[in-house]
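Here the structure is a predicted model, which means the values were calculated and not measured.
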Amino acid sequence: MGIKTKFKRFFDLEDDYEYENEYEEESLAEEEEITPSHTKKSKPNVVSLQSIQQQVKVVLVEPRVYAEAQDIADQLKNRRAVVMNLQRIPHDQAKRIVDFLSGTVYAIGGDIQKLGPNTFLCTPENVDVSGTISEMMDED
């Protein structure tokens with residue numbers, strides 16, 4: 001399935017596309033009969049998809065108990081990137097949170113990366129992270 005088809009389905013354009021074209025042709029034909037040629041509009045207002053900017057949010061969390069893992073997973077499901085600091089939680093609970101979020105990230109097609117000791121970046125599929133900082137960590 002092509003990306004154009006996905007966009008058409010997302011914006012519900014695929015099913016109504018032919019009907020809208022017929023309606024526009026009929027209305028343009030009526031306007032030509034009624035209005036003089038110098039007052040016709042040249043093109044309808046069209047907004048390209050590239051001009052629409054969607055703001056991506058990054059959530060910073062510092063869980064203190066394992067129960068907060070579900071709240072973090074909900075942020076990921078809402079397509080927000082999460083930076084997690086696990087320094088204030090016991091090591092065994094931190095491992096459980098990372099395991100839980102690894103499953104969540106896998107299910108939504110995202111990614112989880114270790115940024116530093118006890119610090120992780122969890123991203124959904126709409127966020128692309130490039131580069132690594134592990135080389136700098138090894139130098140210290």
Side-chain angles (χ1 to χ4, degrees):
M1 176 186 314
I3 193 159
K4 289 183 180 179
T5 307
K6 287 182 182 179
F7 280 122
K8 286 180 183 177
R9 286 186 180 169
F10 180 76
F11 291 110
D12 293 325
L13 296 175
E14 187 173 45
D15 297 334
D16 299 331
Y17 184 71
E18 293 178 18
Y19 173 75
E20 289 176 4
N21 282 342
E22 291 174 7
Y23 178 75
E24 287 177 5
E25 289 174 4
E26 291 174 6
S27 64
L28 286 176
E30 291 175 5
E31 284 182 16
E32 286 178 3
E33 294 173 4
I34 297 171
T35 60
S37 60
H38 58 72
T39 61
K40 284 193 281 184
K41 295 180 181 178
S42 60
K43 291 184 180 179
N45 293 334
V46 179
V47 178
S48 69
L49 290 176
Q50 292 175 345
S51 67
I52 298 174
Q53 296 178 353
Q54 186 176 19
Q55 187 175 15
V56 177
K57 293 189 177 187
V58 178
V59 180
L60 305 174
V61 294
E62 192 170 19
R64 296 181 194 265
V65 292
Y66 175 75
E68 294 179 34
Q70 186 174 1
D71 297 332
I72 299 168
D74 289 339
Q75 295 291 339
L76 289 167
K77 288 185 347 186
N78 290 331
R79 302 176 62 107
R80 293 186 182 108
V82 177
V83 177
M84 226 179 5
N85 182 4
L86 299 174
Q87 291 178 346
R88 295 185 185 231
I89 192 166
H91 183 70
D92 61 329
Q93 289 186 8
K95 286 176 73 173
R96 289 180 61 202
I97 289 175
V98 170
D99 289 343
F100 179 81
L101 292 176
S102 294
T104 303
V105 166
Y106 176 77
I108 63 171
D111 190 27
I112 186 168
Q113 294 180 359
K114 186 172 185 176
L115 299 178
N118 299 319
T119 306
F120 293 87
L121 172 65
C122 303
T123 56
E125 66 179 333
N126 65 322
V127 177
D128 183 33
V129 179
S130 61
T132 59
I133 59 171
S134 60
E135 294 172 7
M136 290 181 212
M137 287 176 28
D138 292 338
E139 291 174 4
D140 293 338

Grouping I, L, V, M, F, W and Y whenever their side-chain heavy atoms are under 4.5 Å apart, do [X] and [Y] come out in a common cluster?
X	Y	result
Phe120	Val127	no
Val129	Leu60	yes
Val59	Leu121	no
Phe100	Met84	yes
Val61	Ile97	yes

State, with a plain yes or no, whether a side-chain heavy atom of Arg79 is found less than 4.5 Å away from one of Glu125. yes
Within a radius of less than 6.0 Å around CD of Gln113, do more than 12 heavy atoms belonging to other residues, nucleotides or ligands occur? yes
Rounded to the nearest 0.5 Å, the OG1 atom of Thr104 sits from the CG atom of Asp99 at a distance of 11.0 Å
How long is the straight-line distance from CD1 of Ile89 back to OH of Tyr66, given to the nearest 0.5 Å? 10.0 Å
Which pair of heavy atoms, one from [X] and one from [Y], lies closest together, and at what distance?
X	Y	result
Leu101	Ile72	CD1-CG2, 3.6 Å
Val65	Gln93	CA-OE1, 3.8 Å
Val105	Asp111	CG1-N, 3.0 Å

Counting distance only, does the side-chain N/O of Thr123 pair as donor-acceptor with the main-chain N or O of Ala81 below 3.5 Å? no
Test of understanding: with side-chain hydrogen bond (donor to acceptor under 3.5 Å, both in side chains), list the residues that count as partners of Gln75, not counting sequence neighbours.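 Here the qualifying residues are Arg80.
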